[in-house]
Amino acid sequence: MSERALVELRGVSKGFGAGSTRVEVLGALDLDVPEGQLLAVVGPSGVGKSTLLHLVGLLDRPDDGRVTLDGDDVEVLDGEARARLRNRMIGFVFQHHYLLDEFDARDNIALPLRIAGKGAAVARSRADELLEAVSLTDRAHHFPDQLSGGEQQRVAVARALAMKPRLLLADEPTGNLDRANSEQVFDLVRELHLLAGLTSIIVTHDEELARMCDDTFHLVPAGQSVEYV
Ligand SMILES: Nc1ncnc2c1ncn2[C@@H]1O[C@H](COP(=O)(O)OP(=O)(O)OP(=O)(O)O)[C@@H](O)[C@H]1O
Ligand SMILES: [Mg+2]
């Protein structure tokens with residue numbers, strides 16, 4: 001693992017709302033995620049874990065401070081440049097799979113490639129590779145409602161990797177699964193993280209899964225000091 005930070009946050013603050021309903025969520029947060037690291041983010045509900053992933057994933061902007069990806073300050077980029085960088089560099093997995101019901105597993109995985117302008121044959125062949133990587137080749141033509149929760153999440157992981165991202169962001173990817181399926185999806189993420197040489201940030205409530213990561217970032221409410229254990 002190289003020690004260069006792929007993700008760097010400096011003095012990042014973020015809140016929502018205005019006036020009496022204003023909530024400060026992240027306060028002057030610093031974070032370095034070295035290239036190749038699998039980082040768990042833990043903390044109580046409402047502390048700002050999803051907010052943090054949205055900032056790193058270029059889905060939202062901080063009120064203050066700087067987010068740097070691979071050495072580039074992404075706050076200076078306009079919306080279009082951020083969208084391009086996001087599509088090229090970042091894969092997302094959420095707690096709910098967000099697969100499209102009308103597409104089978106293979107076409108769901110192929111979709112990001114099709115949106116990026118790849119031809120159908122290229123996109124399907126990459127999707128087939130990924131189906132094999134998540135051990136779902138025999139489910140290629142199943143639709144999301146014909147898959148178990150764990151299988152749906154494995155398809156979502158495959159889809160997140162379709163564009164060969166360098167950074168994988170997962171927000172409670174096992175939050176809706178039972179113990180056995182959680183472990184299976186988590187093991188898969190860890191295996192693909194290593195295989196693809198990813199840098200990964202995984203939000204989880206599950207301390208046991210967090211312990212299987214390279215490091216854990218404990219997010220605490222804005223205004224309290226943040227410890228990096
Ligand atoms: N778009 C928004 N508008 C207003 N408030 C928001 C918005 N997004 C988040 N918040 C508030 O910011 C705080 C942090 O939310 P966030 O979703 O990041 O928490 P979390 O740590 O991911 O919680 P959980 O573990 O429940 O998913 C919460 O108080 C939430 O209500
Ligand atoms: Mg959340």
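Computation of the quantities below employed the complete heavy-atom set of this structure, encompassing side-chain atoms and omitting hydrogens, waters and symmetry-equivalent molecules. Whatever order the structure lists ligands and atoms in, that order sets their numbers, starting from 1.
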- With a 4.0 Å cut-off on heavy atoms, does Q95 reach ligand 1? no
- Q95 backbone or side-chain N/O/S under 2.8 Å from the Mg ion (ligand 2): no
- Could you tell me the residue and atom name of the protein heavy atom closest to atom 11 (C) of ligand 1, and the distance to it rounded to 0.1 Å? F16 CD1, 3.8 Å
- Any N/O of K49 closer than 3.5 Å to an N/O of ligand 1? yes
- So which heavy atom on D215 is nearest to which on Q37, and how close? CB-NE2, 3.6 Å
- Query: Per the side-chain hydrogen bond (donor to acceptor under 3.5 Å, both in side chains) rule, which among T68, D32, D30 passes with R10?
  - Reply: D32
- Message: Test your reading of the structure: does G48 have an N or O sitting under 3.5 Å from an N or O of ligand 1?
- Response: yes
- Message: I'd like to check which ligand 1 atoms, numbered from 1 as shown, lie under 4.0 Å from a non-hydrogen atom of H205.
- Response: 25 (O)
- Task: Look at atom 24 (P) of ligand 1 and say which protein heavy atom is nearest, naming residue and atom and giving the distance to 0.1 Å.
- Result: S45 OG, 3.6 Å
- Test I90 against every option in L59, L85, L69 by the side-chain contact (heavy atoms from CB on, under 4.5 Å) rule and name the one that passes. L69
- Query: Under 3.5 Å between some N or O of ligand 1 and some N or O of V47?
  - Reply: yes
- Protein contact for atom 31 (O) of ligand 1 (heavy atom, distance under 4.0 Å): no
- Shortest non-hydrogen pair, P44 vs K49, comes out as O-NZ, 3.1 Å
- Task: Examine H96 together with Y98 and report whether their ring centres are nearer than 6.0 Å.
- Result: yes
- Would you mind finding which of P221, G175, P44, G46 brings a heavy atom closest to atom 20 (P) of ligand 1? G46
- Which protein heavy atom lies closest to atom 17 (O) of ligand 1, and at what distance to 0.1 Å? S50 CB, 3.7 Å
- Message: I need the contact type for V25 against ligand 1. Using non-hydrogen atoms and a strict under-4.0 Å cut-off, is it side chain, backbone, both or neither?
- Response: side chain
- Task: Pull out every atom of ligand 1 sitting under 4.0 Å from any heavy atom of T51, numbered as shown with elements.
- Result: 14 (C), 15 (O), 16 (P), 18 (O)
- Does the protein put any heavy atom within less than 4.0 Å of atom 4 (C) of ligand 1? yes
- Message: Using every non-hydrogen atom in the two residues, find where V74 and R61 come nearest and quote the distance to one decimal.
- Response: O-NH1, 4.2 Å
- Item | Shortest non-hydrogen contact between A162 and L113, atoms and distance | O-CD2, 3.7 Å
- Is the closest side-chain heavy-atom distance between D206 and M212 below 4.5 Å? no
- Between the side chains of D171 and S50, is a donor N or O closer than 3.5 angstrom to an acceptor N or O? yes
